[in-house]
Structures are given as structure tokens and as C-alpha cells.
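Okay, so here's the structure we're looking at.
The chains referred to below are lettered A, B, ... by the order of the sequence lines, with proteins before strands, and numbering in each begins at 1. As the structure is a prediction and not an experimental result, all values here were calculated from the model.
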Amino acid sequence: MPISELTHEPPKAAPTGPRSGLAAIWAARHFWWHLTKSELRARYRRSYLGILWSLLNPLLMMLICTLVFGTLWREDPLKFAPFVFSGLVTWEYIGQNTNGATGALLYAEPYIRQAPLPVVIYPLRTTLVAFIHFLITVSLLTAFSVAIRGPSHALLSLCVSLPMFLALGWCASTVNSILAVFFRDWMYLSTVCLQFLFYGTPVIWPPELLESRGMGWVYIWNPIHHTLQLLRRPLLASEWPTPFEYGMVLGTLLLLALLSRAVSRSTARKLVFRL
Amino acid sequence: MPFIRLDHVTVRYDLDYSGWNTLKDFVLHRLREGGKKPLRHIDALRDVTLEVSEGERLGVLGRNGAGKSTLLRTMAGIYPPLSGVVTTVGRVRALFDLSLGFEPDATGRENIFFRGLLLGEKPEAIRKKMAEIAEFTEIGDFLDVPVKCYSSGMLVRLAFAISSAIEGDILLLDEVVAAGDLHFQEKAKKRLLEMIDRSRLLVLVSHDLGAIREICNRAIWLDGGRVRMDGSPADVVAAYTAMESSVV
């Protein structure tokens with residue numbers, strides 16, 4: 001254990017507090033990075049198509065959605081297909097991150113009981129695995145966008161947006177993983193919530209569909225919609241995201257960061273005993 | 001200068017959480033009891049004050065459930081105390097739960113890496129030690145096979161080889177390891193004794209009173225989470241044995 005000096009006083013200055021934990025998270029970087037690489041390797045070792053699976057699922061879903069919903073709503077397939085694909089790859093990231101996080105701490109119990117590393121590194125592993133898949137599909141989408149629309153300076157916005165996706169994912173997976181330790185049925189509830197959010201967010205349906213019927217409120221205060229816009233605007237419209245969209249995403253990130261900090265601090269003393 | 005100091009440390013396990021370890025039960029508990037019904041708990045360590053300094057080899061003895069393993073994990077920083085302060089200065093090397101914490105789909109060689117990193121080693125340092133660790137395990141080509149295919153004996157061999165290859169000032173041992181077959185046990189015992197010799201501070205939890213007398217220069221007797229006696233190994237072992245004999 002990399003302890004040069006370890007002093008812990010209960011309960012508020014517990015070592016899982018995010019502030020005191022940042023140095024410890026960095027110190028443990030080799031460990032969580034290797035865990036991430038191992039999970040990716042193990043996943044692809046078992047599959048014939050390897051990393052192509054990351055692309056195949058949203059591609060097939062995009063095809064089906066474009067055929068069914070595109071026809072139903074009379075959308076131009078050339079515009080609708082990338083719209084659906086961008087929505088689905090983001091949702092894939094959210095889904096992988098949420099589902100993986102519910103077991104992140106429970107499966108890491110043997111590690112947690114052996115070394116006093118910050119527990120937030122285990123949901124970070126989940127987020128990184130999901131984020132790397134997400135990056136691969138976003139790269140494909142970016143190449144597609146450049147091929148169709150030509151290069152655009154709006155693509156530079158991804159340099160800001162993608163780290164925000166990562167931070168959002170980490171905060172969400174931290175909260176999720178801790179709740180799953182204390183409430184073992186949380187994983188089922190989170191799946192139901194995710195399903196509900198999927199249909200309530202413009203992932204496969206265009207926002208104009210509801211706006212034209214005076215129901216814009218369904219998505220206008222939905223932070224996931226604005227997070228999606230951070231991807232869709234530069235890739236599908238060669239535009240920078242609006243200040244309102246950045247504001248909504250940053251606000252959500254701040255709230256999630258505060259929530260994950262509060263949850264990890266308030267459970268720091270009990271967590272290891274609940275595993 | 002490595003040392004461990006526990007200042008009025010209490011470590012508490014909640015017992016009733018199993019009554020509401022689902023969201024449904026938690027909500028029902030809140031509705032029925034108004035959240036006022038106190039949860040049952042057990043204090044595995046009660047107001048323990050203890051200092052272990054450089055050069056000391058502390059043996060910890062006591063019955064099952066006396067708090068020995070909890071004490072060790074608290075010293076290692078794994079169990080946070082309910083009250084009191086734990087200060088551990090020095091690089092800690094802990095040997096407990098050896099066969100836990102493997103990535104089942106990763107090979108033995110990859111797991112050497114994970115375990116080493118988990119224990120605080122740098123990747124370069126592990127690479128340097130890889131050949132020596134691999135040789136110590138004596139599992140040959142199996143090192144390149146996922147560990148989910150290993151027998152329990154092979155897992156313990158691997159775990160022991162990694163954990164014992166990493167140095168530290170403070171050595172925390174929970175029972176002397178009985179790893180693998182007779183040949184490997186001899187080998188492991190020899191390495192453990194070398195580790196003990198090299199360590200600057202040792203805390204050994206064991207039911208083997210002979211080992212405590214032989215290895216340690218100080219002993220404590222834990223009873224119900226409290227330090228019942230602190231003294232020379234001979235005196236503490238004698239008092240503990242006398243008490244146990246009187247109970248039998």
C-alpha cells in the first residue's frame with residue numbers, strides 16, 4: 001500500500017472525501033488504468049468481432065430506427081440516420097455506464113478489503129470502459145461528418161464536450177455504484193429509470209415532433225437532451241453548442257459532482273462494512 | 001521511522017442493515033418505524049489505545065471474534081474507525097485475504113501486475129520482479145492462462161508470491177499463511193520469516209501461540225474488542241492459556 005503517512009479521523013475526514021482523494025486517485029492511476037485495459041481486453045478476447053461490436057449494435061439500431069420511425073415520421077433518411085446514430089451512441093454510453101456502475105463496488109470488494117485506495121476509482125473504471133467505446137463511435141461519426149459536410153471549426157467544441165461527457169459519467173457512476181451497495185435493488189430501479197428516460201429524451205425521435213404539438217417542455221429541461229446537443233450540433237449541423245446548452249450541462253455536472261461528493265462522504269465510514 | 005498509533009479507536013459494524021438492504025425495505029422501515037428504531041451494532045474494537053514503534057514485533061491473540069482481524073485492517077487503513085484516530089506512518093505491507101482480488105479473465109502474469117499495482121508498486125518495479133515472482137509460484141506455463149482456470153492451491157501460490165515480493169516497513173500478517181502443498185508451505189514459511197526479519201515493524205495475528213512466542217517481542221490479548229493485556233509474549237500467552245484452560 002502506498003502509504004507514507006495515513007491518518008484518519010472519523011467520520012468527516014474519511015479518506016474517500018473527493019478533495020483529499022484527488023491525490024490518492026492520481027497515485028493509484030496505474031492500478032485503475034490497468035483494470036480498465038484488462039476489462040477491455042477481456043471483453044474483446046471473448047468476441048470474434050472484437051471492438052467492432054461497439055459499432056455494430058448502434059449501427060443496427062440506427063438502421064431499424066431509420067427504416068421504421070424515419071418512414072413513419074417521413075424524415076429524410078440521410079439526415080435522420082446520423083441523428084439517430086448520434087443519439088444511440090450517447091445512450092449506449094449512458095446505459096453501459098449506469099449498468100456497469102451498479103456492480104462496480106460490489107465486484108471490487110476483494111480489492112477494497114485489501115488496500116485502502118479511494119473507492120471512486122472503481123466506478124471510474126466502469127466509466128472509462130464505456131467512455132473508450134463511446135470515443136470509438138464518436139470518431140466514426142466525426143469522420144462521417146467531415147466526409148459529408150467537410151471540416152468545421154465547430155468540431156473543436158468536442159475537445160470541451162468530450163471531457164464533460166467523461167466527468168458526467170464518472171459522477172453519475174459514483175453515485176450509482178454507492179447506492180447499489182446500500183440498496184441491492186437499485187440496479188433494477190436504475191434500469192427502469194433509464195428506460196423511462198430513453199423514451200422521454202430525443203434520442204430516436206426529433207425534438208421538433210413534440211415542439212410542433214406544444215410539448216417542448218418534455219425535453220427542454222431534460223439535461224440529457226442538452227448533453228446530446230453537445231454532440232449533435234457540431235457533428236450534424238457544423239454549429240457550436242449554444243450557451244444555454246453548455247449552461248444546462250455544466251449545471252448538471254456541478255449538481256452531480258456535489259451529489260457524488262455528498263454521497264461518498266456520508267457513506268465513507270459505512271461502505272466497506274456493507275459490501 | 002515507522003509507527004502505528006491508535007488513539008481511543010472504536011470500530012463499529014452495523015448489524016441491522018440486512019433488514020433494509022433494499023430500497024423497498026428502507027422505505028418501509030422509514031414508514032413503519034419513522035426511522036427512529038435504533039439499529040443494532042457491534043463494536044469490534046472498543047476505545048483501543050495502542051502504539052507500536054519501530055523494532056517492535058507485536059503478536060495479537062484472542063478468541064475468534066475478539067477483534068484481531070479488525071485491528072489489523074484498521075491499522076492498514078481499510079476499516080475506518082467510528083471514533084478515535086489511527087495514525088500509520090510507513091509503507092504498509094499487509095498479507096491477508098490472499099486468494100481474493102484476482103481478475104478472473106486475466107492471465108496469471110497480468111494478475112501479478114494488478115496485484116502489484118494494488119499494493120502500491122510502480123509498473124517498472126513489477127516488471128523487474130516479474131521473473132522472480134513467476135519462478136517462486138512454480139506454476140510454469142499456467143502463468144499465461146486466465147486465473148479462472150487455476151486450482152485454489154495455484155491461486156494461493158500466485159497471491160503469496162506477489163504479495164511477499166513487495167517490500168514495506170510495516171508488515172501486517174493475519175495468520176501465518178498455509179499456501180499450497182507441503183513443499184510450497186515450507187518455501188512460503190521461509191520467505192515469511194525473511195520478510196519478518198527485514199520488516200521494521202511487525203503486527204502478527206495468530207492462534208499459533210508458539211509462533212507468537214517465537215517471533216514477537218511484545219503481545220496483546222484482545223477480548224471483546226478491548227485490549228485485555230499488553231506485555232511480553234511469554235506473560236500474555238501464559239495468561240491467555242490459563243484463561244482458556246479455566247473455561248474448558
Side-chain angles (χ1 to χ4, degrees), chain A residues 1-16 24 27-35 37-46 107-117 119 121 125 179-190 267-274, chain B residues 5 7 9-14 17 20-26 44 73-94 96-106 110-111 113-123 126 146 163 166 168 170 172:
Chain A
M1 271 142 272
I3 309 166
S4 56
E5 179 161 357
L6 173 76
T7 303
H8 44 116
E9 294 174 42
K12 286 185 179 169
T16 42
R29 66 192 179 282
H30 297 297
F31 178 59
W32 52 255
W33 180 238
H34 269 82
L35 282 181
K37 285 199 293 187
S38 159
E39 188 162 335
L40 287 168
R41 255 200 310 264
R43 196 174 288 186
Y44 296 128
R45 197 180 278 161
R46 285 192 298 257
Y107 296 133
E109 180 190 349
Y111 294 132
I112 295 170
R113 286 191 186 279
Q114 281 190 56
L117 302 178
V119 291
I121 64 171
R125 168 200 193 171
L179 286 174
V181 170
F182 285 83
F183 306 114
R184 298 300 163 104
D185 52 355
W186 180 255
M187 61 178 76
Y188 307 114
L189 191 67
S190 66
T267 56
R269 196 194 66 74
K270 291 182 174 176
L271 193 112
V272 68
F273 302 119
R274 295 287 182 99
Chain B
R5 186 185 299 132
D7 190 12
V9 166
T10 295
V11 174
R12 175 171 291 180
Y13 300 147
D14 290 335
Y17 72 82
W20 51 270
N21 67 350
T22 64
L23 199 58
K24 183 193 86 181
D25 292 339
F26 176 72
R73 281 162 179 75
T74 306
M75 287 172 165
I78 293 165
Y79 286 174
L82 174 76
S83 60
V85 181
V86 182
T87 308
T88 307
V89 175
R91 189 179 155 95
V92 178
R93 166 65 37 252
F96 37 72
D97 293 339
L98 273 188
S99 53
L100 296 178
F102 282 112
E103 288 289 300
D105 286 315
E110 286 166 343
N111 270 293
F113 233 88
F114 297 135
R115 182 65 70 108
L117 294 172
L118 175 73
L119 298 177
E121 281 289 16
K122 296 271 185 299
I126 303 169
S163 302
I166 294 161
I170 298 173
L172 305 178

Fill in the blank from the handout: Closest non-hydrogen atoms of Pro80(B) and Ala268(A), given as atom of the first, atom of the second and distance, are CG-O, 3.8 Å
Practice task
Calculate, to the nearest 0.5 Å, the distance between atoms CG and CZ belonging to Leu117(B) and Arg29(A) respectively.
Solution key: 10.5 Å
Handout entry: Nearest-0.5 Å distance, CG of residue Leu118(B) to CD1 of residue Ile121(A)
Key = 8.0 Å
Problem - Engaged part of Val9(B) at the chain A interface, taking heavy atoms whose separation is under 4.5 Å - result: neither
Handout entry: Interatomic spacing from CG in Leu119(B) to CZ in Phe31(A) - rounded to 0.5 Å
Key = 9.0 Å
Practice task
Looking only at non-hydrogen atoms, find the nearest pair between Pro116(A) and Gly77(B) and report the distance.
Solution key: CB-O, 3.2 Å
Practice task
Please name all residues satisfying side-chain hydrogen bond (donor to acceptor under 3.5 Å, both in side chains) with Trp186(A), sequence neighbours left out, ordered by chain then number.
Solution key: Asn176(A)
Exercise for the section: Name the region of Arg115(B), side chain, backbone, both or neither, that has any atom closer than 4.5 Å to a heavy atom of chain A. Expected result: side chain
Problem - Which of Ser163(B), Pro123(B), Pro146(B) touches chain A most, by non-hydrogen pairs under 4.5 Å - result: Pro123(B)
Practice task
Look at atom OH of Tyr13(B) and say whether more than 12 heavy atoms of other residues, nucleotides or ligands are closer to it than 6.0 Å.
Solution key: yes
Exercise for the section: Specify the closest pair of heavy atoms between Arg269(A) and Arg12(B), including all atoms of both residues, with the distance to one decimal. Expected result: NH1-O, 3.7 Å
Exercise for the section: Select one option (side chain, backbone, both, neither) describing which atoms of Phe114(B) are under 4.5 Å from chain A's heavy atoms. Expected result: both
Completion exercise
Residue set satisfying salt bridge (charged side-chain N to carboxylate O under 4.0 Å, His left out) with Arg125(A), at least two apart, ordered chain then number -> Glu39(A), Glu103(B)
Problem - Which atoms of Leu189(A) approach chain B - backbone, side chain, both or neither, heavy atom under 4.5 Å - result: side chain
Exercise for the section: Look up atom CD1 in Ile126(B) and atom NE2 in His30(A), then write down how far apart they are to the nearest 0.5 Å. Expected result: 9.0 Å
Practice task
Check whether any side-chain heavy atom of Arg113(A) lies under 4.5 Å from a side-chain heavy atom of Tyr79(B), and answer yes or no.
Solution key: yes
